[in-house]
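First up is the structure itself, then whatever we jot down about it.
Computation of the quantities below employed the complete heavy-atom set of this structure, encompassing side-chain atoms and omitting hydrogens, waters and symmetry-equivalent molecules.
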Amino acid sequence: MATRIYLTGRLAIEHAGTLILDEAAFPGRQGRLVFAYLAADTHRTVPRAELTEVLWGDSPPREADTTLSAVLSRLRGLLRRIPCGADIAGQNGAIALRLPADTWLDLEGAANAIDEAEGARRRGDHPAAWSHANIAAVIARRPFLPSEEAPWIERQRQRLSAVLLRSLGCLSAVGAETGDLASAVQYATQLVDLDPLRESTYRQLMKLYVRTGDAAEALRVFATCRERLRDELGASPSPEIAQLHLSILRGEVN
């Protein structure tokens with residue numbers, strides 16, 4: 001069975017279905033940061049200077065290189081003691097995390113799952129789309145290094161957020177297409193909460209409420225959209241959603 005690496009939630013490594021390395025086993029905060037940084041982009045080697053910036057930003061201590069070497073040594077020793085075949089290699093001033101070819105990484109798993117979900121939906125395979133989108137959503141909801149702040153961490157969080165938005169959109173669309181309107185409304189509502197300035201989601205939610213027979217709630221969704229656009233952007237709803245609102249008032253949408 002493949003090795004599985006989790007960078008979301010708590011750092012962990014599983015092998016053959018068994019947890020072999022929990023977050024607490026990593027060599028301190030610096031070890032966790034270096035491992036997460038290398039694992040998040042295993043397809044390239046990382047200059048030591050880049051890892052120095054990961055640990056200390058633009059103000060490294062005088063002994064930074066020695067400390068980094070010690071962190072890498074402890075990580076290398078930890079990985080070599082577990083039966084997953086992972087290792088940390090260094091050559092010409094660059095570092096790479098070497099993993100078995102069949103290693104599953106949750107960040108990649110989420111991105112692949114939403115691609116599979118959207119492809120399945122386009123093919124009309126709603127069960128597969130639902131399954132893959134749920135996998136992507138579960139992973140993307142987990143926090144990435146929640147106690148840390150850095151530009152590279154924020155970029156990973158933004159990628160996860162984008163996966164989550166796509167996953168919820170797919171789940172809502174599948175619900176709408178299969179007649180599971182309660183689920184479609186549920187996921188569209190979550191989309192609105194996570195991305196409150198995306199007008200297209202409000203339109204989708206309004207149409208879903210009309211399909212459930214709740215035109216009053218559809219009108220309330222429009223009011224919420226109008227207020228948020230005004231308060232956050234100083235803007236008015238687009239003619240398209242305004243026309244939808246008018247059509248619902250006239251009873252022309254079903």
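In this structure, Thr103 contributes its side chain and Pro100 its backbone to a donor-acceptor pair below 3.5 Å. When atom types are taken as modelled, the side chain of His15 and the backbone of Pro83 share a donor-acceptor pair closer than 3.5 angstrom. Checking side-chain atoms of Thr224 against main-chain N and O of Arg220 turns up a donor-acceptor pair under 3.5 Å. Judged purely by atom type and a 3.5 angstrom limit, Tyr202 uses its side chain to pair as donor or acceptor with the backbone of Pro196. Checking side-chain atoms of Asp22 against main-chain N and O of Ala25 turns up no donor-acceptor pair under 3.5 Å. Judged by distance alone, the side chain of Asn112 and the main-chain N or O of Glu108 form a donor-acceptor pair under 3.5 Å. Judged by distance alone, with hydrogens and angles left aside, the side-chain atoms of Arg76 form a donor-acceptor pair with the main-chain N or O of Ile88 at under 3.5 Å. For Asp106 (side chain) and Leu7 (main-chain N/O), a donor-acceptor pair under 3.5 Å exists by modelled atom type.
Side chains of Thr3 and Glu14: no donor on one and acceptor on the other come within 3.5 Å. Side-chain contact, Arg211 with Tyr209: no donor N or O sits under 3.5 Å from an acceptor N or O. A side-chain donor from one of Ser69 and Arg48 sits under 3.5 Å from a side-chain acceptor of the other.
A salt bridge is defined here as a Lys NZ or Arg NE, NH1 or NH2 lying under 4.0 Å from an Asp or Glu carboxylate O, and Glu149 with Arg157 meets this definition. The pair Arg121-Glu177 counts as a salt bridge, with a side-chain nitrogen and a carboxylate oxygen less than 4.0 angstrom apart.
Other residues, nucleotides and ligands contribute over 12 non-hydrogen atoms within 6.0 Å of the CZ atom of Arg44.
Aromatic ring pairs are classed by plane angle as parallel below 30°, tilted from 30° to 60° and perpendicular above 60°; the pair Phe26 and Phe35 is tilted.
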